[in-house]
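In this chain, numbering begins with 1 at the start of the sequence shown. None of these values were measured; they are calculated from a predicted model.
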Amino acid sequence: MAEAKSYEQKPRAIRPMRGGRGMPVPKGAIKKGTFKRLFKMIAKYYKWQLVAVVTCILLSSVGSLVSSVYMQMLVDNVIEPALSDTGGFTAALKARLTGLILMMVVVYGIVILASFAYTRIMATVTQGMLYRLRTEMFAKMQTLPIKYFDTHAHGDIMSSYTNDTDATRQLIGQSLPTLFSSSLTLITSVIIMLTYSFWLSLVVVFSTLIMSFVVKKIGGNSAKFMVAQQTSLAREEGFVEEMMKGQKVVKVFTHEEKAREEFDALNEKLYHDSQRAHAFGNILGPILNNIGNFTYVLLAIVGGILFAIGARNIGLSSIFGGAQTLGIGVIVAFLGISRNFTQIVNQMSQQISMVAMGMAGASRVFTVMDEQPETDDGYVTLVNAKRDENGELTETEKRTGLWAWKHYHKADGTTTYTELKGDIVMDGVDFGYVPEKQVLSDVSLYAKPGQKIAFVGATGAGKTTITNLINRFYDIADGKIRYDGININKIHKSDLRRSLGIVLQDVNLFTGTVMENIRYGRLDATDEECIAAAKLANADGFIRRLPDGYDTMLTNNGSNLSQGQRQLLSIARAAVADPPVMILDEATSSIDTRTEALVQGGMDKLMKGRTVFVIAHRLSTVRNSDAIMVLDHGRIIERGTHEQLIAQKGTYYQLYTGVFELE
């Protein structure tokens, strides 16, 4: 049989490859409205903390400029009078100096307390926001359809929880407060400079225009590559995560050199993006500092000339009746403010790239949070039931072992209960993972309660797809699937899946004890029920031989267990759920024949009395099926019992006798 193309089997997670191939990445764009959304989120949860932070930053920013004003007052009101007055350092001047010193002590005390307060508050706000972002992102991830995880690299998703949230932390905790504080200080500086001297302020304005041009050119490039760095980092992490999971395959096929080449390509891209981002960011500071030094010298020269010629001072102070001539104190204060002004501009420019990286990180976090959740219009639910004296089903809170579909009928307002039996019918089902590629065509079948239905066919024929549709991991394009006579589109997805058990070829065990992994099938199961399920699955024997028995800790997907032991735990997990319908997806294809007999024995016990769908490459495992469906390119080409299909001498006969082989 011809092998179907891989994309007709199921969507594959897209792996980062050389040359930039991999999952689509936003074209250097930060999601529109990211800052507004982030700020609204902060304000929603930390409104009063933000008010306190703004107040403290305002006090800190204004207080940081007092030293320059203090120097002007010290020179003009104390030092200059003491030098010009023949009486020397008089008592009045001592009193002024003492007053100025006390004023500075009070002001700097307020600045220290305000700075301490806002940094402590911002630490709480920052960590609280990260906690909420991670919580909301993980909660949203639980609502996403299987398709999302099939089409997104897992390492890239993980990067949203690590790199992107860390970039967001830096944005909230450092960059935004720094920019806000610097902006306030900048505005205050401009006001003070205009108050002192209009002419000297023009020199600073000229310098600021030059700085703005430099920041726009160099800082803009730094921000652009910071965003690219964030994307490259996520792609590299996605690749590393995949290589770690597939290390055995890499070793077996001696793929180390190729893997190294692919990693080097991704690492080189990350290196270049990071190098350019930080190169632009690192040269920005020295350039701005040198412009500031030039401005400082120019202010000293211009101020000295104005003082020497006795030029009239034009500033806000002169407008309101202040000093009419430019004094030494004003020049000294102006030089201090100018130095502070340059440092603030430099500080703000350094934050541009960090803001861009933080915004890119927040944008990626919000992208995950904005993914469309799995839609569920089902209204039929699964409830515990019992029979009354008339034999009618009624709902009960207690677990009775009898389940029923609770079906509310909007038309007449009545509610009916249908016993959960496991009667499944597929009628004319068409489906494709993507619209232009149809995987299943006109598939019709039925499984009566207690029957075992087997699917046989080449890879990509559509076997697993059928089970995915029964679980509603994907919705069909056309046709009907009925469960106990109810269209599964009407059944609430969580209730539908609760009625189904599944044992996969690839077992997923979680970090925890053996008992906890078995109880994953039903969280309210007792220890006794879990042990009974393990015995049913033929797993109790090997579990008791483990170092701590049922309390043995499993890590790294149960790597300390054999494949067969892991599969037995998977069967026990399905057994404790006690579902009426079981799906066994090639559960024994990767284990040895001896272990297969043990696993098969466990599955036979599990299948007893249940509707079972079996997917198997080993045809010997499906001989006792009530019906065998042979699929080819999404169509059922043969159906019947083992004996009937052998008698037909068609495709199944050729597969069974070895004329054809499953691929």
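Using modelled atom types, one finds a donor on one side chain and an acceptor on the other under 3.5 Å when comparing Thr464 with Asp585. No side-chain donor-acceptor contact under 3.5 Å links Ser441 and Asp430. Counting only N and O atoms by type, the side chains of Thr511 and Thr555 include no donor and acceptor under 3.5 Å apart. Between the side chains of Tyr474 and Thr465, no donor-acceptor pair is found at a separation under 3.5 Å.
Checking side-chain atoms of Gln170 against main-chain N and O of Ala167 turns up no donor-acceptor pair under 3.5 Å. Side chain of Ser60 to main chain of Cys56: no donor-acceptor pair is present (N/O by atom type, distance under 3.5 Å, no hydrogens or angles). In terms of modelled atom types and a separation under 3.5 Å, the side chain of Thr151 and the main chain of Lys147 share a donor-acceptor contact.
No side-chain heavy atom of Val203 sits under 4.5 Å from any side-chain heavy atom of Ser207. Using a 4.5 Å cut-off on side-chain heavy atoms (C-beta onward), Gln49 and Thr124 make no contact. Using a 4.5 Å cut-off on side-chain heavy atoms (C-beta onward), Ile121 and Tyr46 make no contact. At least one side-chain heavy atom of Ile583 sits less than 4.5 Å from a side-chain heavy atom of Asn471. At a threshold of 4.5 Å between non-hydrogen side-chain atoms, the residues Val365 and Met137 count as touching. Looking only at side-chain heavy atoms (C-beta outward), Val54 and Phe180 come within less than 4.5 Å of each other. Looking only at side-chain heavy atoms (C-beta outward), Ile301 and Val297 come within less than 4.5 Å of each other. Within the 4.5 Å cutoff, no side-chain heavy atoms of Leu59 are placed close to those of Leu113.
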Practice item. Carefully, step by step, assess Leu133 and Met369 under the rule side chain to side chain contact (heavy atoms under 4.5 Å, CB included). Key: CA-CA 9 Å; Leu133 283 172; Met369 292 169 61; 4.2 Å; yes

Practice item. Given side chain to side chain contact (heavy atoms under 4.5 Å, CB included), test Ile157 with Phe149 step by step and report yes or no. Key: CA-CA 9 Å; Ile157 298 173; Phe149 301 98; 4.0 Å; yes

Exercise for review: Determine, stepwise, if the pair Asn560 / Leu554 fulfils side chain to side chain contact (heavy atoms under 4.5 Å, CB included).
Suggested key: CA-CA 7 Å; Asn560 53 329; Leu554 301 180; 3.9 Å; yes

Practice item. List the steps, then state whether side chain to side chain contact (heavy atoms under 4.5 Å, CB included) holds for Leu631 with Ile466. Key: CA-CA 11 Å; Leu631 285 92; Ile466 291 177; 3.7 Å; yes

Exercise for review: Could you go through the salt bridge (charged side-chain N to carboxylate O under 4.0 Å, His left out) check for Glu268 and Arg235 one step at a time?
Suggested key: CA-CA 12 Å; Glu268 187 177 354; Arg235 296 173 73 180; over 6 Å; no

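Between Thr188 atom OG1 and Leu58 atom CG the span is 7.0 Å, to the nearest 0.5 Å. For the atom pair CE of Met141 and OH of Tyr148, the computed distance is 9.0 Å after rounding to the nearest 0.5 Å. For the atom pair CG of Leu186 and CG of Leu179, the computed distance is 11.0 Å after rounding to the nearest 0.5 Å. Once rounded to the nearest 0.5 Å, the distance linking CD of Gln127 with CE of Met122 reads 10.5 Å. Atom CG of Leu176 sits about 4.0 Å away from atom CG of Leu171, to the nearest 0.5 Å. Here Asp164 contributes atom CG and Arg169 contributes atom CZ; the two are 13.0 Å apart, rounded to the nearest 0.5 Å.
Considering all non-hydrogen atoms of both residues, Val368 and Ser160 come closest at CG2-OG, 3.7 Å. Closest approach of Gly512 to Asn517, counting heavy atoms only: O-ND2, 3.8 Å. Residues Asp273 and Ser232 approach most closely at OD2-OG, 2.6 Å, considering heavy atoms. Closest non-hydrogen pair, Leu130 versus Thr165, comes out as CD2-O, 3.3 Å. Scanning all heavy atoms of the two residues, the minimum distance from Thr143 to Ala139 falls at CG2-O, 3.5 Å. The two residues Gly462 and Val439 have their closest heavy-atom pair at CA-CG1, 4.4 Å.
Between Arg364 and Glu371 no salt bridge is recorded (no basic side-chain N to carboxylate O distance below 4.0 Å). Using a 4.0 Å cut-off between charged side-chain N and carboxylate O, Lys493 and Asp376 make no salt bridge. Note on Arg260 versus Asp264: no salt bridge recorded, every NZ/NE/NH1/NH2 to OD/OE distance being 4.0 Å or above.
Annotation for Arg134: atom CZ counts as buried by contact number, over 12 foreign heavy atoms lying within 6.0 Å. With a 6.0 Å radius and a threshold of 12 heavy atoms from other residues, nucleotides or ligands, Phe510 has its CZ atom above the threshold. Taking a 6.0 Å sphere around OH of Tyr520, one finds it holds 12 or fewer heavy atoms contributed by other residues, nucleotides or ligands.
Between Phe116 and Tyr118, the distance from one ring center to the other does not fall under 6.0 angstrom.
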Scan the side chains in residues 34-45 for donor-acceptor partners under 3.5 Å anywhere in the protein, sequence neighbours excluded, and list what turns up.
| residue | atom | partner | partner atom | Å |
| --- | --- | --- | --- | --- |
| Thr34 | OG1 | Lys31 | O | 2.5 |
| Arg37 | NH1 | Asp370 | OD1 | 3.0 |
| Arg37 | NH1 | Asp370 | OD2 | 2.6 |
| Arg37 | NH2 | Asp370 | OD1 | 2.9 |
| Tyr45 | OH | Glu136 | OE2 | 3.4 |

